[in-house]
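What you see is a predicted model, and the numbers here were worked out from it, not measured in a lab.
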Amino acid sequence: MISQWWEDIGDLRVRIDELPFVRGLGDGTLDSGAFVWYLEQDALYLRGYARVVAGAARLAPAVDEQAFWAASAQRAIAGERQLHESWGVREAEPAAVTIAYLDHLSAQGDYRVLIAALLPCFWLYHDVGSRLHPLSHAGHPYRSWLDTYADEMFAQATEEARVIVTRAAAHADDLTRTAMHEAFRISATHEHAFFAAPHQQIGQKR
């Protein structure tokens, strides 16, 4: 079922791959200012994201799902600290794309719709990271990012998130399933906007 959701955002995934930010991240030619801007916003996003995921843990109907979302919230904070501290990321004001994405996630009151909205953050990052990772090497300026999202533990977490969302969708009524699909699609759109924003910001400053 959710494999069809993934197919439905195929055009969006192609557009993500074609973004200058993603291409430059892979081949190492990305402007360092764009990357730092992205990390500043990512730090803000992950803090808000961790709170939303912790909310999913509180709403989860099963103990294994509670444990998964609680652990995911903790990993989001830990990962943010490790990656961002290594780049000396400073406090920044949240950009419009960051606010919009977090507002979308925070607006989901139904547990099933909420976890569908959370899934693209796992799935798209793992998809992009795993395909860019073969370009990683000792001298790559963005090796830490490439290694983070191709990590085996992140792959396992992504698969577990897919399993949980698939199970929720399978037991949902048609109306809820439609809302889940829509929340998933909107989150994927926000992911594209988040990847596009750094290049746009740097271009505006020049």
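Contact of the S32 side chain with the Y142 side chain is registered, since non-hydrogen atoms from C-beta on lie closer than 4.5 Å. Between I186 and H190, the closest side-chain pair of non-hydrogen atoms falls below 4.5 Å. In this structure the side chain of T189 reaches within 4.5 angstrom of the side chain of R185, judged on heavy atoms. Under the 4.5 Å side-chain criterion, counting only non-hydrogen atoms from C-beta, H199 is in contact with L30. Residues T166 and M1 are not in side-chain contact: their nearest non-hydrogen atoms beyond the backbone lie 4.5 Å or more apart. With contacts defined as side-chain heavy-atom distances shorter than 4.5 Å, the pair R162/I2 qualifies. Put simply, the side chain of F195 reaches to within 4.5 Å of the side chain of Y125, judged on heavy atoms.
How far CG of D127 is from OG1 of T158: 10.0 Å, rounded to the nearest 0.5 Å. Going from atom CD of Q108 over to atom CD1 of I115 covers 11.5 Å, rounded to the nearest 0.5 Å. Taken to the nearest 0.5 Å, the CD1 atom of I9 stands 9.5 Å off from the CD atom of E7. Taking NE2 of H171 as the start and CZ of R177 as the end, the distance is 10.5 Å to the nearest 0.5 Å. Note: L25 CG to D31 CG = 12.5 Å, rounded to the nearest 0.5 Å. In this structure, I16 CD1 and L124 CG are separated by 5.0 Å, a value rounded to the nearest 0.5 Å.
Between H126 and F154, the ring planes are tilted. Angles from 30° to 60° get that label. Ring-plane geometry between Y111 and W69 is classed as perpendicular, the angle between the planes exceeding 60 degrees on a 0 to 90 degree scale with a lower cut at 30.
Checked by atom type, the side-chain pair Q201/Y38 shows no donor-acceptor distance below 3.5 Å.
A continuous path of hydrophobic side-chain contacts links L135 to F35 [ILVMFWY only; heavy atoms under 4.5 Å]. Under a hydrophobic-cluster definition in which Ile, Leu, Val, Met, Phe, Trp and Tyr are linked whenever side-chain heavy atoms come within less than 4.5 Å, directly or via other members, Y49 and I99 are assigned to different clusters.
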(request) For side chain to side chain contact (heavy atoms under 4.5 Å, CB included), just list the numbers for D8 and Q4, CA-CA rounded to whole Å, side-chain angles, deciding distance to a tenth of an Å, and then say yes or no. (result) CA-CA 6 Å; D8 289 345; Q4 184 58 53; 2.8 Å; yes
(message) Walk me through whether L146 and H140 qualify under side chain to side chain contact (heavy atoms under 4.5 Å, CB included).
(response) CA-CA 9 Å; L146 299 178; H140 197 296; 3.6 Å; yes
(request) Check step by step if side chain to side chain contact (heavy atoms under 4.5 Å, CB included) holds for E191 and L12. (result) CA-CA 10 Å; E191 289 288 351; L12 192 59; over 6 Å; no
(request) Decide side chain to side chain contact (heavy atoms under 4.5 Å, CB included) for S187 and L118; before the verdict, give the C-alpha distance in whole Å, the side-chain angles of both, and the deciding distance to 0.1 Å. (result) CA-CA 7 Å; S187 288; L118 292 172; over 6 Å; no
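When all heavy atoms of R112 and A168 are compared, the closest pair comes out as CG-CB, 4.1 Å. A54 approaches A73 most closely through the heavy-atom pair N-CB, 4.0 Å. In this structure, H104 and A117 approach most closely via the heavy-atom pair NE2-CB, 3.9 Å. Heavy-atom minimum distance, W145 versus L132: CZ3-CD1, 4.3 Å. Here the closest heavy-atom approach between residue S72 and residue V53 is recorded as CB-CG1, 3.9 Å. Minimum interatomic distance between V97 and A197 (heavy atoms only, all atoms of both residues): CG2-CB, 3.8 Å.
Residue E93 places its CD atom among 12 or fewer non-hydrogen atoms of other residues, nucleotides or ligands, all under 6.0 Å distant. R51 CZ: 12 or fewer foreign heavy atoms inside a 6.0 Å radius.
A salt bridge links E91 to R47: at least one charged side-chain nitrogen sits closer than 4.0 Å to a carboxylate oxygen. Under the 4.0 Å criterion applied to side-chain N and carboxylate O atoms, R75 and D151 are not assigned as salt-bridge partners. The pair R13-D17 fails the salt-bridge criterion, with no side-chain N (NZ, NE, NH1 or NH2) lying under 4.0 Å from an Asp/Glu carboxylate O. Salt bridge R15/E18: absent, no basic N to carboxylate O contact under 4.0 Å.
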